[in-house]
2 protein chains.
Amino acid sequence: MDLLDKDGLTESEFLKQYKAGDYERPSVTTDMVIFTVTEDEADSYRKLPEKELRVLLIRRGAHPFLSKWALPGGFVRPNETTEQAAVRELCEETGVEDVYLEQLYTFSDIGRDPRTWVISCSYMALINSDKLELKAGDDAADAAWFKVSYRPLREQKELIVDGYIKTLEYELKLSSEEEELSAVVARTMTAKTTSTGTDYEIVSNDGLAFDHAKIIACAIDRLRGKVNYTDIALHLMPKLFTLTELQQVYEVIMDKELLKAAFRRKVADLVVETDHYTENAGHRPSRLYRRNLEG
Amino acid sequence: MDLLDKDGLTESEFLKQYKAGDYERPSVTTDMVIFTVTEDEADSYRKLPEKELRVLLIRRGAHPFLSKWALPGGFVRPNETTEQAAVRELCEETGVEDVYLEQLYTFSDIGRDPRTWVISCSYMALINSDKLELKAGDDAADAAWFKVSYRPLREQKELIVDGYIKTLEYELKLSSEEEELSAVVARTMTAKTTSTGTDYEIVSNDGLAFDHAKIIACAIDRLRGKVNYTDIALHLMPKLFTLTELQQVYEVIMDKELLKAAFRRKVADLVVETDHYTENAGHRPSRLYRRNLEG
DNA sequence: AAAATAGTGTCTCTGAGACAATATGAT
DNA sequence: ATCATATTGTCTCAGAGACACTATTTT
């Protein structure tokens, strides 16, 4: 096809002479919300340990937000996609490849990075506890897994002309062995007869860098939403697991207790039973399952 | 807080002396998938007209992809968010403000724009047929609303080590009064014991610019997904509408016929009845409803 | 009366919630 | 025998699917 444009150029001629304009361009980064599930120390070895949802944060060693905790991430380089950048970051920080990865949201608020114009394309990754052990081999001394708590704090509904504004505030608490961070994030839904929109805002923030409280909140909301109608939670499980362990993972994600019988019916199609059982648990052994790839 | 970094600078000192590096940065654009629903000409005035899902495209007047059809969009400018850029583009192209807007996905494949490195943050907008009339006032002579058809074409499942690859091909057909475009887009799901990923690919493409077939496919998938568990479809309705009209909109989005009784039960909480009725329809009048803001 | 659509009734089946009962290995 | 968890059974209730019936206006 040799269509000519208004300057009489073919497409290949046009591309040859094309020069990128000198208007300002943003930096583009990826920020990764990397989740895993760990077990706390059990009170007694006969009792089951409780599961904890954890997210990886890195202490900043430079301005801005020096010594605050930030999501792992970095600049997207030429000749790589945002997803490739995310995979690269993930591998650098955790030494783990081949995990569940999902694009979350692209954040572009002006001033979100005090240095310069930075747009961040965020990703969520889920790592199972098998792989987590590999992580010991990374060099970032100032990386830590923070236990996640994300609970509704306040709900508010304000009527406006032709609609309403609903604000849901969540308290985000992140705790590692040494440190406790917290933030309050508000999800605002504006509903008018014509339009509707949802927006995250940081109400308060203690210890997190940039707008990362927002990004983490966004990731948890996504994870909670998807847990109920996909097999996403199975990516947090090791190769073999018991149904009770799986239920604990669902519970720690949803922050809500579930009924055993109903849960087992619900996940029945997501798993396949094996012939293996737990051993020496101090009580009746439990059948081990694996993920069913026939989702 | 006056923490000093390794150069002995405070945060504000650091920011004052900060100079953006001279590494390469991408251009960032927004692309808008703007949907609306229109009615075709009815065969007889006594029969109800059928609904059509339509998307706005603009014929390119310059290289690259000269004379192909593209989604409305443009560069994100400094001091605006991607969302603000989307609102601006939407208003420029359709003269419409205050509509449903949702971020879709950020596309960053290398080479997606043959000119230079361009990352696109895509948005979906839903416009109701009331507002559509305003659109006559826009200047883009080469803009047109294309009727959308998006149907499964082929399904393929390939077993690999530790998992499988499932490919779902869809045929995307876009037709305006004068022109018919078509493309085949494949959604590939790779499931392995550890990871899972979904990816869009353009298999064939006749008449669409850039990777816009992918973006449109992504938008339709999102719209179809959300129709069933949100009130998103109501943003395509005028202020007052009949339940049959609403059902037709659901049907044209899902490309599937629904049962009347079940449909009415399902949307009962999404709408509020009014005291108005249709008139002079050639048959029994129908009660008019409006959107229920108590989602 | 016929055409065309509007609106309602009801039977069945499935799936979630709730709770109870039984099973099994470790101590 | 007791502890602690594993696993299954079943009753109920709510919602979706399927189909049929009645209602109302215009021609």
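Only heavy atoms go into these numbers, but all of them, side chains included; no hydrogens, no water, no symmetry mates.
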**Message:** Please give me every residue in residues 221-229 of chain B whose heavy atoms get under 4.0 Å of an atom in DNA chain C, ordered by residue number.
**Reply:**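 None, since no heavy atom is under 4.0 Å.
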**Prompt:** Does any residue of residues 277-284 of chain A have a heavy atom under 4.0 Å from DNA chain C, and if so, which ones, in number order?
**Reply:**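 A:Asn280, A:Gly282, A:His283, A:Arg284 - these, ordered by number, are the residues of the stretch whose heavy atoms sit under 4.0 Å from the strand.
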**Message:** So A:Thr242, base contact, sugar-phosphate only, or nothing? Heavy-atom distance under 4.0 Å.
**Reply:**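 The residue A:Thr242 makes no contact with any strand.
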**Message:** Among residues at least two apart in sequence or on other chains, which ones pass salt bridge (charged side-chain N to carboxylate O under 4.0 Å, His left out) with A:Glu39?
**Reply:**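 With neighbours one apart ignored, the set is A:Lys51.
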Using a cutoff of under 3.5 Å, can you pull out all pairs of nitrogen or oxygen atoms linking the protein to nucleotides 13-16 of chain D, with atom names and distances?
from	atom 1	to	atom 2	distance (Å)
D:dA16	N7	B:Arg265	NH1	3.2

**Request:** Quick one: list whatever passes side-chain hydrogen bond (donor to acceptor under 3.5 Å, both in side chains) with A:Lys226, sequence neighbours left out.
**Result:**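 With neighbours one apart ignored, the set is A:Glu102.
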**Asked** Of all nucleotides in DNA chain C with an atom under 4.0 Å from a non-hydrogen atom of chain B, which is the first and which the last going 5' to 3'?
**Response**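 The contacted stretch runs from C:dA3 to C:dG9.
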**Request:** Name the residue closer to the 5' end of DNA chain C, choosing between A:Pro285 and B:Leu288 according to the nucleotide with the nearest heavy atom.
**Result:**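 Between the two, 5'-proximity favours B:Leu288.
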So which atom in [X] and which in [Y] form the shortest heavy-atom distance, rounded to 0.1 Å?
| X | Y | result |
| --- | --- | --- |
| B:Asp269 | B:Asn292 | O-ND2, 3.0 Å |
| B:Thr193 | A:Leu293 | N-CD2, 4.2 Å |
| A:Asp40 | A:Glu52 | CB-OE2, 3.4 Å |
| A:Ala186 | A:Val203 | CB-CG2, 3.7 Å |
| B:Asp255 | B:Tyr150 | OD2-O, 4.4 Å |
| B:Leu53 | B:Val252 | N-CG2, 3.6 Å |

**Test side chain to side chain donor-acceptor pair (under 3.5 Å) applied to B:Tyr200 and B:Asp221, step by step** = CA-CA 11 Å; B:Tyr200 287 93; B:Asp221 285 332; 2.6 Å; yes
**Asked** Is the closest side-chain heavy-atom distance between B:Tyr105 and A:Gln103 below 4.5 Å?
**Response**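 Touching, per the 4.5 Å side-chain cut-off.
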Quick test of your reading of the model: are [X] and [Y] salt-bridged, counting only N-O distances below 4.0 Å?
| X | Y | answer |
| --- | --- | --- |
| B:Asp231 | B:Arg291 | yes |
| A:Asp199 | A:Arg187 | no |
| B:Glu177 | B:Arg54 | yes |

**Prompt:** Bend across the helix from C:dA1-D:dT27 to C:dT27-D:dA1, to 10°, with axes taken over 5 pairs at each end?
**Reply:**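 The end axes of the helix from C:dA1-D:dT27 to C:dT27-D:dA1 are about 20° apart, to the nearest 10°.
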Contacts under 3.5 angstrom, residues 232-242 of chain B side chains, donor-acceptor by atom type, not counting sequence neighbours:
from	atom 1	to	atom 2	distance (Å)
B:His235	ND1	A:Thr194	O	2.9
B:His235	NE2	A:Thr196	OG1	3.3
B:Thr242	OG1	B:Glu245	N	3.0

**Request:** Scan residues 247-260 of chain A against DNA chain D and write down, sorted by residue number, each residue with any heavy atom closer than 4.0 Å; if none is found, say none.
**Result:**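 By residue number: A:Lys260.
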**Request:** Round to the nearest Å and state the distance from B:Arg287 atom CZ to D:dT25 atom P.
**Result:**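 Between P of D:dT25 and CZ of B:Arg287: 12 Å.
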**Prompt:** Who are the side-chain contact (heavy atoms from CB on, under 4.5 Å) partners of A:Glu257, not counting sequence neighbours?
**Reply:**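 A:Glu251.
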**Test side-chain contact (heavy atoms from CB on, under 4.5 Å) applied to A:Ala219 - qualifying residues, sequence neighbours left out** =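 So A:Ala219 forms a side-chain contact (heavy atoms from CB on, under 4.5 Å) with A:Val33, A:Phe35, A:Leu104, A:Met124.
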N/O donor to acceptor pairs below 3.5 angstrom from side-chain atoms of residues 270-286 of chain B, sequence neighbours left out:
from	atom 1	to	atom 2	distance (Å)
B:Thr274	OG1	B:His276	N	3.2
B:Thr274	OG1	B:Leu288	O	2.6
B:Tyr277	OH	B:Arg287	NH2	3.1
B:Thr278	OG1	B:Ser286	N	2.8
B:His283	NE2	B:Ala281	O	3.3

**Request:** Apply side-chain contact (heavy atoms from CB on, under 4.5 Å) to the pair B:Leu71 and B:Ile215, showing each step before the final yes or no.
**Result:** CA-CA 9 Å; B:Leu71 293 168; B:Ile215 302 179; 3.7 Å; yes
